[in-house]
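Okay, structure first, notes after.
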Amino acid sequence: MRTSWVIAGSMLSIARPGPAAAPVGVTLAQSPVPATADGQAVAVARMVRGILSYSRWPDPVQAIRLCVAGAPLYGARLDEAASAAGRTIRIRPLAPGEGPAAAGCDGLYLGHMAATSRAQLVAASRGRPTVTIDEDDPACRAGAMFCLSVEPAHLSFQLNLDAVSRGMVRIDPKVLLLSRGREEQP
């Protein structure tokens, strides 16, 4: 079975997997970034801000609560993602064992952590209006909506269409503009 999506004026056709197959995803074009840890952290902060700016929660969100779990390698500059589409972004670290529901997370940024912890946090965000972004799962197998791939000189992300389509937060297809290094606000 094939699913067709019209994204940014072009048609995207994707084969939907069977029950044992990997999640449906789209790897987007790469954006160049400075090949330093700080440059990569700045690029990740910009990408996160862009993703959140293209997100629409079922109830209007004045301030986006972005919870950070695990040990992010590129999260040092997430506080620079201070606003998205006119909304403030508040960064909040999750304590070990704390879930996104208890913390009231609108977004969940996953850093390096054990696979079981990652799976538990992603599962805990299902059925809730939470955008999930993972920096340590480039194959996007844990079920986050967006999976970053940070290389020495470029940043890309994979969009997990299955997670996005099942989520309560609507993602504007213009999020694909981020893959071209453009940050047009919706």
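Keep in mind it's a predicted model, so treat the numbers as computed, not measured. Side chains included, hydrogens not; waters and symmetry mates left out as well; all remaining heavy atoms used.
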Are any of the side-chain heavy atoms of [X] and [Y] separated by less than 4.5 Å?
X: Val48; Y: Leu66; answer: yes
X: Trp57; Y: Ile64; answer: yes
X: Pro72; Y: Tyr109; answer: yes
X: Leu121; Y: Pro100; answer: yes
X: Gln158; Y: Phe146; answer: no

Calculate, to the nearest 0.5 Å, the distance between atoms [atom1] and [atom2] belonging to [X] and [Y] respectively.
X: Arg56; Y: Ile171; atom1: CZ; atom2: CD1; answer: 9.0 Å
X: Asp38; Y: Arg77; atom1: CG; atom2: CZ; answer: 4.0 Å
X: Tyr74; Y: Asp136; atom1: OH; atom2: CG; answer: 9.0 Å
X: Asp106; Y: Gln62; atom1: CG; atom2: CD; answer: 11.0 Å
X: Leu78; Y: Glu135; atom1: CG; atom2: CD; answer: 8.0 Å
X: Asp59; Y: Met168; atom1: CG; atom2: CE; answer: 8.0 Å

Heavy atoms only: give me the nearest [X]-[Y] pair and the separation to one decimal.
X: Thr132; Y: Ala144; result: OG1-CA, 3.3 Å
X: Arg118; Y: Gly111; result: NH2-O, 3.2 Å
X: Ala69; Y: Leu94; result: CB-CD1, 4.0 Å
X: Ile91; Y: Asp79; result: CG1-CA, 4.0 Å
X: Ser55; Y: Val131; result: OG-CG2, 3.6 Å
X: Val122; Y: Ser125; result: O-OG, 2.7 Å

Arg170, CZ: over 12 other non-hydrogen atoms inside 6.0 angstrom: yes

Side-chain heavy atoms nearer than 4.5 Å, only ILVMFWY residues, links allowed to pass through others: does that put Leu108 and Phe157 together? no

Identify whether Met113 and Val68 are in the same connected component of the hydrophobic contact network (ILVMFWY, side-chain heavy atoms under 4.5 Å). no

Step-by-step side chain to side chain contact (heavy atoms under 4.5 Å, CB included) determination, Val44 to Leu148: CA-CA 8 Å; Val44 166; Leu148 305 179; 3.8 Å; yes

Take Leu110 and Ile133 through the test side chain to side chain contact (heavy atoms under 4.5 Å, CB included) and record every step on the way to the result. CA-CA 6 Å; Leu110 301 166; Ile133 303 169; over 6 Å; no

Would Arg141 and Asp137 pass as an ion pair if we require N to O under 4.0 Å? no

[Y] backbone acceptor or donor facing [X] side chain under 3.5 Å:
X: Arg65; Y: Gly104; answer: yes
X: Gln120; Y: Ser117; answer: no
X: Gln40; Y: Val150; answer: no

